[in-house]
Structures are given as structure tokens and as C-alpha cells.
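Lettering of chains follows the sequences in order, A, B, ..., and the numbering in each one begins at 1. Predicted model, so just to flag it, every value in this text is computed and none were measured.
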Number of protein chains: 4
Amino acid sequence: MPKIVNHRQRRAEVVEAARRIILREGIEAATTRAIAREAGYSNGVLTHYFADKDDIMLSALRSSHRRIVERLRGKLTGRTGLDALRELLLDNLPLDEERAQESRLEIGFWGRALTGPAMLQAQRAEAGELRYLVRSLLGAAADAGEIGTAEDLDDVADRLLALVDGLSVHRLLYPDRLGVDRLRRLLGAELDRLRPPGG
Amino acid sequence: MPKIVNHRQRRAEVVEAARRIILREGIEAATTRAIAREAGYSNGVLTHYFADKDDIMLSALRSSHRRIVERLRGKLTGRTGLDALRELLLDNLPLDEERAQESRLEIGFWGRALTGPAMLQAQRAEAGELRYLVRSLLGAAADAGEIGTAEDLDDVADRLLALVDGLSVHRLLYPDRLGVDRLRRLLGAELDRLRPPGG
Amino acid sequence: MPKIVNHRQRRAEVVEAARRIILREGIEAATTRAIAREAGYSNGVLTHYFADKDDIMLSALRSSHRRIVERLRGKLTGRTGLDALRELLLDNLPLDEERAQESRLEIGFWGRALTGPAMLQAQRAEAGELRYLVRSLLGAAADAGEIGTAEDLDDVADRLLALVDGLSVHRLLYPDRLGVDRLRRLLGAELDRLRPPGG
Amino acid sequence: MPKIVNHRQRRAEVVEAARRIILREGIEAATTRAIAREAGYSNGVLTHYFADKDDIMLSALRSSHRRIVERLRGKLTGRTGLDALRELLLDNLPLDEERAQESRLEIGFWGRALTGPAMLQAQRAEAGELRYLVRSLLGAAADAGEIGTAEDLDDVADRLLALVDGLSVHRLLYPDRLGVDRLRRLLGAELDRLRPPGG
DNA sequence: AATGAATGAGATTTCATTCAT
DNA sequence: CATGAATGAAATCTCATTCAT
């Protein structure tokens, strides 16, 4: 009988190693050698489980997103509409070290995506889920009368997503100017503005 | 007799070469050799005028910012308050190929800044000017009664800057979703919301 | 109870797989992994049946030769002397895709043989059969009076064999110059020259 | 003043190093590292003078051909027609160690040529010169009445070239069967057969 | 006997940096 | 000052071979 290893699990181990390195040291530090070492294997293993480096990197990106969504799922249970949306968007801001690292990872991938079409394609595929979720919550909030009727929900969705990403970048680059509390306040105010006039 | 060369000018030539390459082919294509060639000099000159590659890259970033400000100066003459602010922010969006390249450069540098403290420090130093300008224009707009008194101008400034950067990233990553007209509209709506209620 | 497997047959399966790959994709594409996959086994089996990769490759060479001889056997039945010889030599020319692949395989092995003594030794062992066959047919042809008495049959044999291999190489390298018809004609003329003057 | 090196000469040094390795140890031993070491430089130099490894290898092939032609030039002065042709073809046979290595190099490149279109193209370009020379000498020999009128000179040219290459391969693979004298004799006989009947 | 996971060496290529001239 | 040759490390990828199960 051969040594049985769970193929999916081994892939996951390596991907997690890659994710850890990117979070800890940045996307440029994630060389194949470093990834193999972090995973506790030799360089050669990567061959067995991945087509090439991009395969690893994109898997790491997907893994990061999956983790975020997983964490969100917990936070969103029991919440609906604007309340859920606030939670979602706050969770996407780098308000603690863990999420700061996630944002760093994300921003690193932006740079890669603008380099070549393969990464760009993958990045786009990844983005859909979050956008859909935000749009859905906005729809629910509107149905519940939490949002003024003057607002175009698609516009609101894209504005909020852009704001969150922009604030994330600025928080990482200029942490002194954008403290945690300020970030919360800015986002909160943005959401409060959605409420109907007479609310 | 030492050969007299204009040190400042030579540096500038190389920096411009670096900037051109980054805009044209991306930050990863900006190797020292490519930069030297683009500048029309040999590899060796770089040693004389720059401490290392980071020195060149950061100078290129500064140069890009200087050019943007230069261009803005022209666009803002004769404008004041919200009108000027709108012009400024629109100019920061990737609404044409030139500005798309500038955004790409910027985003590429974000990734680098999050890699090490040297790049980060430089990036921070660069950000001040734009922020100051936005804040000033907001102040003038408020003084002219173009902005509702309920708004905290510092918050507005950071919100607008974050929104512009976020929209820039999303426009580059998801151009289908964020067309040029939509980008204009989203930003315009954001500015319109600043006006005092009875305006 | 040990599992009973037909050792000889398993070897043959792997060797055939190797031969197919070399024919189809060239000698460089015949990696151990590719061979194992083509054979429908895991990498590990190779260890049990072959000393090392060379062992596989040489066996593949022998297999190719055996197949060629097999095919020849069919074509030569009922033929004798010069007629049989013509058939044999034509069969060794890359006149269709199948035989072009065989020639490619052969030429690839020439390169390998000139690399180390092990491959060379094996190659030599392989060559004897064909040479013997050609020489025998020449002898029979001479006995039948189909060949002029002035010819030294050993010389003729080596000349024909060299010509066939040389034409094969040139056909593969310069197919435009050496079309199928031309190849046939060149070889045919060579054989016709063997006939006795008064024939 | 910069260190002045003759670019062409440095390229030549590396190419010669590559050629020496291929002659001495075979085409597979000619790794970029081995070539750099043999040339007495570090790996990095190759970048300055060659686009990639193929560039080096093809240059080595051309260099080998140039050397052969150079050597031929000396041998052919004062000779014409069949006499010159005999000299040319003999020079292409591996009759001494130097020419045996040249043949080995050539055969190694055949294998590479059949692997990919780039090498094949280059190989073809290289082959033209020799073929043209042989054809020209045959034409001169025919004009001088040294060749029987029944022969098609293009056919003869290709037959001779194929024979020489075939004999070269067989001499390297089966040196015991094809000694130096025998090789000379076989080729000589082939040329003698060209003479007009009444000659 | 058979698996296939794992190794680790080695191949090509790229690049920032150094330095003799 | 300026050149550009040269370095050598590092990156990605490939592959024959080994070995625990």
C-alpha cells in the first residue's frame, strides 16, 4: 500500500504556507523556495500539487478570501440589512493586525493583477462574490425601508466597495492619520447617510 | 579639471526614464538596465547619481506626483472651492489612458511600500501634499457656503481621497463594471452630497 | 503469497509506452514520469523492472527495431534477391509519417549513443541484424546473377545502409528538397546500378 | 575610459568554449554553466553576449561549419572538378579524431533539430552552403567531361551528401566495421562510378 | 509487488551591484 | 565622470531516483 496522503490537504498545507508568508513578509517574499520551506517540504513537492507558481499564488488568494468569508459568516448570522452590511464592511477594514495583513495581501495582488492578464482574470473572478453580497444586503435593506429611495443601489454598492478598499490602503500607508476609531467613524457615517431622510 | 556635469539634471533624466518605463510597461519592467537604456546612458551611471535602485524608484514616484500636480495647476487656475475640488478629484481618476497608467504606477508602489519601511516612509512623505490641497479646497468651499455645516472637513477630505483611490483600483481591475461615465457620475454624486441642504 | 505478475510482460508494457512517447513526442519528451503515465502505471513500478532510465530507453530502441523487422517479415515474404532488398531499404526510408517517426527515434538515439559508452554498446548490438539481412539478400541476389560480379558485396551492403540512413536524415531535415518520390527514385537508381552490365 | 573588450571576440570566446564542450563531451554536456566555466567566465556573462542558450548553441554550430569551410578552402586551392569534390567529401568524413568530433557535434544537432522548429530552421540555413558547393563542383566536373552525361547532377549531389552523412554516422557507431581505409575506399569507389563509361 | 510522495540536484534565465579602466 | 563588463545570487521549473507504506 502506498503512503496515503490527502492530496487536497497537502495542497492546502502549501497554500497556507504561501498565504502565511505573503501575510507576514509580503507578496514578493513568497518565492517557491520560501513557500516550500515554510510548508516544511522540499522544493520538489510543489511540482506534485501545483502547475506552477501562479497556481500557488492564486490559490493563496482564494484561500485568503475563503477565510474572510468564513469569518464573515459567523459575524453575519442573526444580522440583516444595513446592520449586516455594516458588519461586512467593517470586517473588510484593517482594524486589527490580522485584517491589516489581509489587506496587505490584497493590495499586493492588485499589483500583480495589473502586470499580466492571467492574474487579472483570476482577480476578477474572485471579486464577484463580495460585490454580490454587498448588493444583496443593500437590496434587503432597501426592501426593509432602511435606505432612502433616491439611491441607486448599484452605485451605492460600488461606492461602498471602493471606499472600503481606499480606506484600507490609506490606513496601511498612513496609519497615523487614519486610526482605528476614525476608520470606524468614517465608515459608519457613510452608512448612516443611506438612511431615508425622515428616518 | 573634473568634467562638469549638472548633477541635478542627470538625476532627473534617469528618473524620467524610470517613470516612463513604469508607466509604459509596469513597475516590474523597470530594471536598472532598462532604466539606463531608456535614459540613454550606461548601467554604470546609475551608481554616480543614486544610492541604489530604491533611490531611483522613489524619485520616479515623486516625479510622477510632481507631474500630476503640475497638470492640476493648469486645470485649477480660475477655479475655486467645490468646482476646483471636482476638477482635482476627476483628474485623479483613471479616465483616460494617461491617467490609467498613473494609477497603475501608484498601485504598484503601494505594493512596494507594504514590503519594507523605506518605501513606506517615502510614500507617506508624498501623500501630504495632495491631502493638504484637498483639505484647503474644502475649507474654501465651506467658507463660500458650498458645503453643509454638518460636515467635518477632515473626514470629508479623507473620505474623498479614499474613494478616489478605491475607484481607481476598481476601474483598473473591473473596467467593465466601472466605465468612464459611471466613474464621473459616482464622483459627481459624492460631491453633490456635500452641498448644504437648502442649496 | 506473493502477487504473481508476468515480469516479462510488465517490462514490455512499459517499454512499449516509452517507444510510443518517443515516436510521438520525441526522445526528450520521454521522461520517466511520462513513460509511467503512458503505460498506465505509477512512477514507482519502473524501479521494479528496470535498472535505470537507460535500461528503459535501450529497451525501447530494441522494441522499435523488433517492430520494424516484424513489419519487414511480412513485406519480404515471397520476395527474394534484389526485389526483397529494394523492399527492405524502402521500408527503412521515412516515406510516410509512421516511418518518419521511426527515423526520428533512430536519429535521437544516435545522439545519445555518442554521449556515453553504455548507449553506444547497445546501439552496436542492435545494428548487426539489419546489416546481416542486407548482406544475405545481396548474396542471394549475386547468386541469382542479379548483381554484377565486379561488386564487393560487403562494400555494397555498407554503402546501401549508409545511403539509407543519410537519406533518412536529409529527408527529415530538408523535406522540401527530398520529397517522397525523389527518395524512391534515388534509392531505386542506386539498386539498378547493381545489375550486371549486360542485364 | 571603460574596459574595452571586443564584443565580437568575447562572443567568439564563449562560442568556442561551447563548441569545445560539445566536441569533447557531447551536446548534452553543454549546459550554460559548463560553457561559462569552460570560457573562464561566470554564468552571468552569457547574458551580455547571447539572447539565450539556443543563441549560443546555434552559434557553436555555425562556428563549427565555418571552421570546416575554412579548412576546406586550404585543401581545395588548386583543385577543380572531381578532384576537388573528392577532397571535399573526404574532409567531411570522420577520418581522424578532429573530424570524428565534428561529426559527433553534427549528429547531436540533428537530434536537436528534430525537437523544435527553431533549431530545424537554423540547421536548414546552414546546410545550403555545402550543398551548393557540391553541386557547383559537380557542374564543373561535368563541363570538364569527368562525369558521364547520364547522371542527373542534382541527384548525384544529394546522393553523395547523404552517403557522406550516413557513412559518418556509421563510422562513429560501428568503427570496427568501418575503418578509415574502408571509408576512403567506399567514397572513392562512389566517385569513380561517376566517370563516363569510356573514361 | 506496487504506489506515489518526496527529494534534491541541476538547468536556464534574470538582475542589482561592483569595479577596472 | 562614465563605461559596460563581469559577478554571483536567486528565482522558477524539471526530473531521475529513493523509499516508507
Side-chain angles (χ1 to χ4, degrees), chain A residues 1-7 10 28-36 39-57, chain B residues 1-5 7 10 28-37 41-57, chain C residues 1-7 10 28-37 41-57, chain D residues 1-7 10 28-36 39-56:
Chain A
M1 290 287 286
K3 190 193 297 184
I4 294 294
V5 302
N6 188 330
H7 203 265
R10 190 71 93 233
E28 316 222 342
T31 67
T32 53
R33 285 225 273 261
I35 293 168
Y41 295 105
S42 66
N43 298 328
V45 268
L46 305 188
T47 298
H48 292 297
Y49 301 101
F50 300 90
D52 55 12
K53 196 192 174 183
D54 270 14
D55 191 8
I56 304 178
M57 300 301 274
Chain B
M1 285 278 292
K3 194 188 294 184
I4 297 296
V5 300
H7 204 265
R10 196 74 100 223
E28 316 223 341
T31 67
T32 54
R33 291 251 273 271
I35 293 168
R37 182 159 16 93
Y41 294 106
S42 65
N43 299 325
V45 274
L46 305 189
T47 300
H48 294 297
Y49 299 102
F50 300 89
D52 56 12
K53 194 188 174 186
D54 271 13
D55 191 5
I56 304 178
M57 298 302 273
Chain C
M1 286 280 291
K3 194 187 294 184
I4 298 295
V5 300
N6 188 331
H7 205 264
R10 196 73 100 225
E28 316 223 340
T31 67
T32 53
R33 291 251 272 270
I35 293 168
R37 183 160 15 95
Y41 294 107
S42 65
N43 300 324
V45 272
L46 305 189
T47 300
H48 293 297
Y49 299 102
F50 299 90
D52 55 13
K53 195 190 174 185
D54 271 13
D55 191 6
I56 304 177
M57 299 302 273
Chain D
M1 290 285 288
K3 191 194 296 185
I4 294 295
V5 300
N6 188 332
H7 203 265
R10 190 70 94 234
E28 316 224 340
T31 66
T32 53
R33 284 223 274 260
I35 292 169
Y41 295 105
S42 65
N43 298 329
V45 268
L46 304 188
T47 298
H48 292 299
Y49 301 102
F50 301 90
D52 55 12
K53 195 191 174 184
D54 270 14
D55 191 8
I56 304 178

Output all residues satisfying ring pair (Phe, Tyr, Trp, His ring centres under 6.0 Å) with C:Phe50, sequence neighbours left out; order by chain, then residue number. none
Heavy-atom pair with the smallest gap, counting every atom of [X] and [Y]:
| X | Y | value |
| --- | --- | --- |
| C:Ala30 | C:Met57 | CB-CE, 4.0 Å |
| A:Ala34 | A:Ala29 | CB-O, 3.6 Å |
| D:Ala36 | D:Ser42 | CB-O, 3.5 Å |

Working to the nearest 0.5 Å, report the span between CG of B:Leu46 and CD1 of B:Ile35.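 Taking CG in B:Leu46 and CD1 in B:Ile35, the distance rounds to 7.0 Å.
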What string of B, S and - do you get for nucleotides 13-19 of chain E, 5' to 3', if B is base contact, S is sugar-phosphate-only contact and - is no contact with any protein heavy atom under 4.0 Å? BBBBBB-
Whole angstrom is fine here: how far is it from [atom1] in [X] over to [atom2] in [N]?
| X | N | atom1 | atom2 | answer |
| --- | --- | --- | --- | --- |
| D:Phe50 | F:dA5 | CZ | P | 13 Å |
| C:Ile56 | F:dC15 | CD1 | C1' | 13 Å |
| A:Tyr49 | E:dG4 | OH | P | 11 Å |
| B:His7 | F:dC1 | NE2 | C1' | 10 Å |

Heavy atoms from C-beta onward define the side chain here; which of E:dA2, F:dG4, F:dC1 lies closest to that of B:Ser42?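 Given the options E:dA2, F:dG4, F:dC1, the side chain of B:Ser42 is closest to F:dG4.
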Who pairs with C:Asp55 by side-chain hydrogen bond (donor to acceptor under 3.5 Å, both in side chains), at least two apart in sequence or on another chain?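 Listed in chain order: C:Arg11.
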Go through the structure and list residues passing side-chain hydrogen bond (donor to acceptor under 3.5 Å, both in side chains) with A:Tyr49, not counting sequence neighbours. none
The dot-bracket string of DNA chain F, counting Watson-Crick and G-U wobble pairs with both distances under 3.5 Å, using [ ] for crossing pairs and | for pairs to another strand, is .||||||||||||||||||||
Give a yes/no on whether any side-chain N or O of B:Tyr41 is located under 4.0 angstrom from OP1 or OP2 of F:dG4. no
Can you see if the side chain of C:Arg10 gets near the phosphate of E:dA1 - specifically, an N or O under 4.0 Å from OP1 or OP2?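 For E:dA1, neither OP1 nor OP2 has a side-chain N or O of C:Arg10 closer than 4.0 Å.
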By side chain to side chain contact (heavy atoms under 4.5 Å, CB included), which residues pair with C:Arg33, not counting sequence neighbours?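 For C:Arg33 the side chain to side chain contact (heavy atoms under 4.5 Å, CB included) partners, ignoring immediate neighbours, are A:Thr47, A:His48, C:Thr31, C:Asn43.
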